[in-house]
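One structure below.
For the single chain, residues carry numbers from 1 onward in sequence order.
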Amino acid sequence: MLKSEIRERRVTVITKVLFILILFFLWEYIPVWTGRDKLFPPFSRVLESLWQNLTTGELLQHIKFSLYLIFSGIGLGIVLAFFLTAFCMISKTFARVMDVIVSIMHPLPGIALLPVVMLLVGLGAKAIIIIIIHSILWPLIVNSLAGFRSIPKIQLELGRNIGMSEFHLIWAVMIPNAFPYILSGLKIAWARSWRALVSAEMVFGASGVVGGLGWFIYKTRYFMDIESVFAGLISVIIIGMLVDEFLLKTLENKTVKKWGMSV
């Protein structure tokens with residue numbers, strides 16, 4: 001790793017830490033200064049509630065169930081997006097039909113489809129997973145198609161001229177060229193999956209015996225346990241940051257940045 005990259009990473013880390021410390025300081029004292037600590041509890045009380053909910057095991061159950069639903073939906077969504085994108089690249093007719101479907105379904109919020117999904121499969125984990133798939137499928141397809149369509153034709157022709165097979169051409173030329181777009185689609189899918197899960201559970205209730213973090217936030221709000229509401233929100237933020245930092249950014253560093261490309 002170059003010294004400039006190391007220096008840039010250190011500056012990024014320091015900037016993030018300073019921002020978080022300032023945010024926590026303001027969160028701790030502004031509610032007290034304004035006299036709104038009942039409706040907007042200080043950060044120390046939220047941390048205390050977070051620790052209590054974790055030690056009792058209740059919050060961990062909700063986190064595990066949320067991650068099960070999200071990774072199930074993302075996994076199925078990625079597989080479905082892969083096959084639909086492949087068909088679009090093979091058939092121009094199918095690609096035109098898919099463009100129309102995407103233009104219809106992409107702007108449609110997943111939460112709006114939940115009543116219809118409930119009529120088909122009932123209110124449970126299956127319904128939430130279907131909503132998550134709907135929420136992530138279209139950005140994955142849009143970004144993947146944009147990546148494959150942006151590949152210069154001269155690279156494909158050059159690969160064929162030097163004797164590459166179609167499979168080798170896809171693996172060595174098409175996927176690396178399109179991967180920055182695919183990675184952007186994965187980042188969007190990760191964020192939208194949480195929105196779909198939390199909004200569905202907050203509007204329609206638990207999606208299983210335990211329920212996820214959306215149900216935890218809704219339940220604690222109903223009982224006016226504001227500290228636990230914020231504890232649930234912080235849990236979503238922490239999980240999102242951890243996955244982004246240790247999974248998505250690691251994937252980006254080992255692929256896109258290593259290849260000298262940009263997202």
Side-chain angles (χ1 to χ4, degrees), residues 1 5-6 8-28 43-78 125 128-129 131-133 135-136 139-140 143 179-180 182-202 207-208 210-218 220 227-258 262-263:
M1 186 180 292
E5 293 179 353
I6 296 175
E8 183 181 353
R9 178 170 292 186
R10 286 177 180 174
V11 170
T12 302
V13 171
I14 292 172
T15 303
K16 287 182 178 179
V17 171
L18 286 175
F19 175 79
I20 291 173
L21 290 175
I22 292 171
L23 179 63
F24 288 167
F25 176 81
L26 295 175
W27 189 349
E28 178 67 25
F43 184 66
S44 58
R45 278 167 39 193
V46 174
L47 278 183
E48 183 180 351
S49 176
L50 176 63
W51 177 252
Q52 288 177 352
N53 282 289
L54 285 173
T55 52
T56 59
E58 180 184 3
L59 187 56
L60 285 175
Q61 286 184 316
H62 292 291
I63 291 173
K64 288 179 183 177
F65 194 71
S66 291
L67 292 176
Y68 160 72
L69 293 176
I70 284 177
F71 283 116
S72 297
I74 289 179
L76 293 171
I78 289 174
I128 304 297
I129 291 173
I131 296 304
I132 293 173
I133 293 173
S135 299
I136 70 171
L140 284 174
N143 281 56
F179 201 76
I182 296 172
L183 185 58
S184 295
L186 289 173
K187 290 181 178 181
I188 296 171
W190 172 248
R192 292 189 66 167
S193 63
W194 275 104
R195 295 176 188 175
L197 171 71
V198 173
S199 60
E201 289 192 325
M202 289 185 70
S207 54
V210 177
L213 283 171
W215 172 243
F216 175 80
I217 294 170
Y218 175 83
T220 52
E227 287 85 358
S228 294
V229 171
F230 280 99
L233 294 173
I234 287 179
S235 300
V236 175
I237 293 170
I238 291 174
I239 294 170
M241 291 177 64
L242 289 175
V243 170
D244 182 70
E245 190 69 29
F246 294 103
L247 182 60
L248 295 176
K249 283 193 176 178
T250 300
L251 181 61
E252 181 181 349
N253 291 331
K254 291 184 177 296
T255 54
V256 175
K257 288 188 176 181
K258 186 178 180 180
S262 60
V263 179

Testing the basics here: between [X] and [Y], what is the closest heavy-atom pair and its distance to 0.1 Å?
X    : Y    : value
N53  : S49  : ND2-O, 2.8 Å
N143 : G185 : ND2-N, 3.3 Å
S235 : L59  : OG-CD2, 3.5 Å
G73  : I129 : CA-CG2, 3.9 Å

Starting at [atom1] of [X], measure out to [atom2] of [Y] and round the result to the nearest 0.5 Å.
X    : Y    : atom1 : atom2 : answer
L50  : L233 : CG    : CG    : 11.0 Å
L76  : I136 : CG    : CD1   : 8.5 Å
K187 : L247 : NZ    : CG    : 11.0 Å
S228 : E48  : OG    : CD    : 10.5 Å
S72  : L67  : OG    : CG    : 10.0 Å
W27  : S44  : CH2   : OG    : 10.5 Å

If we only count heavy atoms from C-beta on, is the [X] to [Y] side-chain gap below 4.5 Å?
X    : Y    : value
P139 : R192 : yes
E227 : Q52  : no
R45  : F230 : no
V236 : F216 : no
L197 : L213 : no
L186 : I78  : yes

key: Geometric class of the W190/W194 ring pair [parallel <30°, tilted 30-60°, perpendicular >60°]   =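 Ring orientation, 0 to 90° scale: perpendicular.
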
request  = Give a yes or no on whether the backbone of F43 and the side-chain of E28 come within a donor-acceptor separation of less than 3.5 Å.
outcome  = yes

key: E201 side chain vs G212 backbone, donor-acceptor pair below 3.5 Å   = yes

inquiry  = So, applying side chain to side chain contact (heavy atoms under 4.5 Å, CB included) with I239, which one of I70, I234, I63, D244 is it?
reply    = I63

